[in-house]
2 protein chains.
Amino acid sequence: MSPVIPLPVTPADRAACVATEVLRRVGEKWSVLVLALLSERPHGFNELDRAIGGLSRRILTRTLRTLESDGLVSRRETPQRVEYALTGLGRSLLPLIIAIGEWAVEHASELEEARRSAVRGRT
Amino acid sequence: MSPVIPLPVTPADRAACVATEVLRRVGEKWSVLVLALLSERPHGFNELDRAIGGLSRRILTRTLRTLESDGLVSRRETPQRVEYALTGLGRSLLPLIIAIGEWAVEHASELEEARRSAVRGRT
DNA sequence: CCGCATCCGAATGGATACTG
DNA sequence: CAGTATCCATTCGGATGCGG
């Protein structure tokens, strides 16, 4: 729900700003991991909790609520559990995120080198 | 520089976590816009400042420093100005970000509708 | 099993003023 | 021109404990 960027400079820049909105949301710490898990199959709440491990239930709740309100994840309440699943929208976004993950893996060495020279300090 | 996520669950999930690292960085509020501007042509500092407008120079500086230390942007100091430009790495990432922007534009109505039903409150 | 309430520390985003 | 320094507000990530 960030106010986001106020500047439609050129068409390309406008697209960039829109991208930022999405990036900032799925960039929340656990969003992508949850999306990845749900892309395999629907999960219950505690099931996700266990699969991830190392985050408090509060955070998981918030993450799921956010994803749900963005329409990327659906929440279905059944008598014995609550089932979370990817929506069609979420499923359509995932490949783009995976692509970024693959890009990162592919360029891992360059990224790391850049970071190292940065740490050495710019002269 | 976030500590990021500690869990390589499955290969796909690992890719997801790596993606998160990238998303969190380019998800910083002005990163994508700066990248978009630099993709057109190199810019000087104040040139970027004017092109964007509405952000303090401090923020612009931080944004550029971060992008530089990630190897996405280069910084070249000349007698009369400092020139920022996209690196090859940055240029290779940009299309993936643009793709996300296009996805967002394409699904804008669905996104908005999801948000509206979320605001109405879940029953 | 699936949350919500409270409280906290850290990171982000930003305004303003000053500097080589 | 290209920043730095200081200071402040907000948001994010999280620990812990209670509740239907």
Side-chain angles (χ1 to χ4, degrees), chain A residues 1-7 17 20-21 23-34 37-38 42-70 73-85 118 121-123, chain B residues 1-7 17 20-21 23-34 37-38 42-70 73-85 118 121-123:
Chain A
M1 314 310 191
S2 0
V4 200
I5 298 170
L7 289 199
C17 296
T20 297
E21 285 197 59
L23 292 171
R24 293 178 69 78
R25 283 157 180 276
V26 298
E28 280 179 20
K29 190 159 180 182
W30 305 98
S31 299
V32 176
L33 182 52
V34 168
L37 288 170
L38 294 183
H43 283 66
F45 184 88
N46 283 338
E47 202 177 357
L48 284 171
D49 193 15
R50 280 189 304 273
I52 297 180
L55 90 171
S56 57
R57 288 193 301 284
R58 193 184 97 82
I59 302 300
L60 181 55
T61 302
R62 234 181 15 85
T63 303
L64 288 167
R65 288 278 180 277
T66 303
L67 292 174
E68 189 195 353
S69 76
D70 285 339
V73 158
S74 68
R75 178 179 187 277
R76 220 171 51 94
E77 210 158 330
T78 75
Q80 289 312 319
R81 70 175 205 165
V82 178
E83 191 168 271
Y84 292 94
R122 301 185 330 285
T123 335
Chain B
M1 316 311 190
S2 2
V4 202
I5 297 171
L7 289 199
C17 296
T20 298
E21 283 196 61
L23 292 171
R24 293 178 70 79
R25 284 157 179 277
V26 298
E28 279 179 23
K29 190 160 183 181
W30 304 98
S31 299
V32 176
L33 182 52
V34 169
L37 288 170
L38 294 183
H43 283 67
F45 183 89
N46 284 338
E47 201 176 358
L48 283 172
D49 193 15
R50 279 188 304 274
I52 297 180
L55 91 171
S56 55
R57 287 193 301 282
R58 192 183 96 82
I59 301 298
L60 180 54
T61 302
R62 235 182 14 83
T63 303
L64 288 167
R65 289 277 182 277
T66 303
L67 292 174
E68 188 196 356
S69 75
D70 285 341
V73 159
S74 68
R75 177 180 186 279
R76 220 172 51 94
E77 211 157 328
T78 76
Q80 290 311 318
R81 71 175 204 164
V82 178
E83 190 169 272
Y84 291 93
R122 302 185 330 285
T123 337

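In what follows, every chain begins at residue 1, and chains take the letters A, B, ... in the order their sequences are listed. None of the values given here were measured: they were computed from a predicted structure.
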Establish, with yes or no, whether the OP1 or OP2 oxygen of [N] is under 4.0 angstrom from a side-chain nitrogen or oxygen of [X].
{"X": "B:W30", "N": "C:dG14", "value": "yes"}
{"X": "A:R62", "N": "D:dG13", "value": "yes"}
{"X": "B:R65", "N": "D:dA2", "value": "no"}
{"X": "B:Y84", "N": "D:dC1", "value": "no"}
{"X": "A:R75", "N": "C:dG3", "value": "yes"}

Residue mapping more 5' on DNA chain D - nearest nucleotide basis, A:G27 or B:V82
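Taking each residue's closest nucleotide, the earlier one in sequence belongs to B:V82.
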Main-chain N/O of A:G27 paired with A:S31 side-chain donor or acceptor, under 3.5 Å
no
With rounding to the nearest 0.5 Å, note down the distance linking [atom1] in [X] to [atom2] in [Y].
{"X": "A:L60", "Y": "A:Y84", "atom1": "CG", "atom2": "OH", "result": "7.5 Å"}
{"X": "A:D70", "Y": "A:E68", "atom1": "CG", "atom2": "CD", "result": "10.0 Å"}
{"X": "B:K29", "Y": "B:R62", "atom1": "NZ", "atom2": "CZ", "result": "11.5 Å"}

[X] side chain, from C-beta outward: closest of [options]:
{"X": "A:I59", "options": "C:dG14, D:dA2, D:dG13", "answer": "D:dG13"}
{"X": "B:S56", "options": "C:dA17, C:dA15, D:dC18", "answer": "C:dA15"}
{"X": "A:R57", "options": "C:dG3, C:dG13, D:dC1", "answer": "C:dG3"}
{"X": "B:R58", "options": "D:dG3, D:dG14, C:dA15", "answer": "C:dA15"}

Nearest atoms (heavy-atom pairs only) where B:T63 meets B:V34
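Heavy-atom minimum between the residues: CG2-CG2, 4.2 Å.
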Using whole Å, report how far [atom1] of [X] lies from [atom2] of [N].
{"X": "A:L60", "N": "D:dG13", "atom1": "CG", "atom2": "C1'", "value": "13 Å"}
{"X": "A:K29", "N": "D:dT11", "atom1": "NZ", "atom2": "C1'", "value": "15 Å"}
{"X": "B:H43", "N": "D:dC1", "atom1": "NE2", "atom2": "P", "value": "14 Å"}
{"X": "A:D49", "N": "C:dG3", "atom1": "CG", "atom2": "C1'", "value": "11 Å"}
{"X": "B:L55", "N": "D:dG3", "atom1": "CG", "atom2": "C1'", "value": "13 Å"}
{"X": "B:R25", "N": "C:dG13", "atom1": "CZ", "atom2": "P", "value": "13 Å"}
{"X": "B:F45", "N": "C:dG20", "atom1": "CZ", "atom2": "P", "value": "17 Å"}
{"X": "B:R24", "N": "C:dT12", "atom1": "CZ", "atom2": "C1'", "value": "11 Å"}

For B:R81, report the nucleic acid contact type (base, sugar-phosphate, nothing); a contact means any heavy atom under 4.0 Å.
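Sugar-phosphate only.
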Between A:T61 and A:Q80, the residue closer to the 5' end of DNA chain C by nearest nucleotide is A:Q80
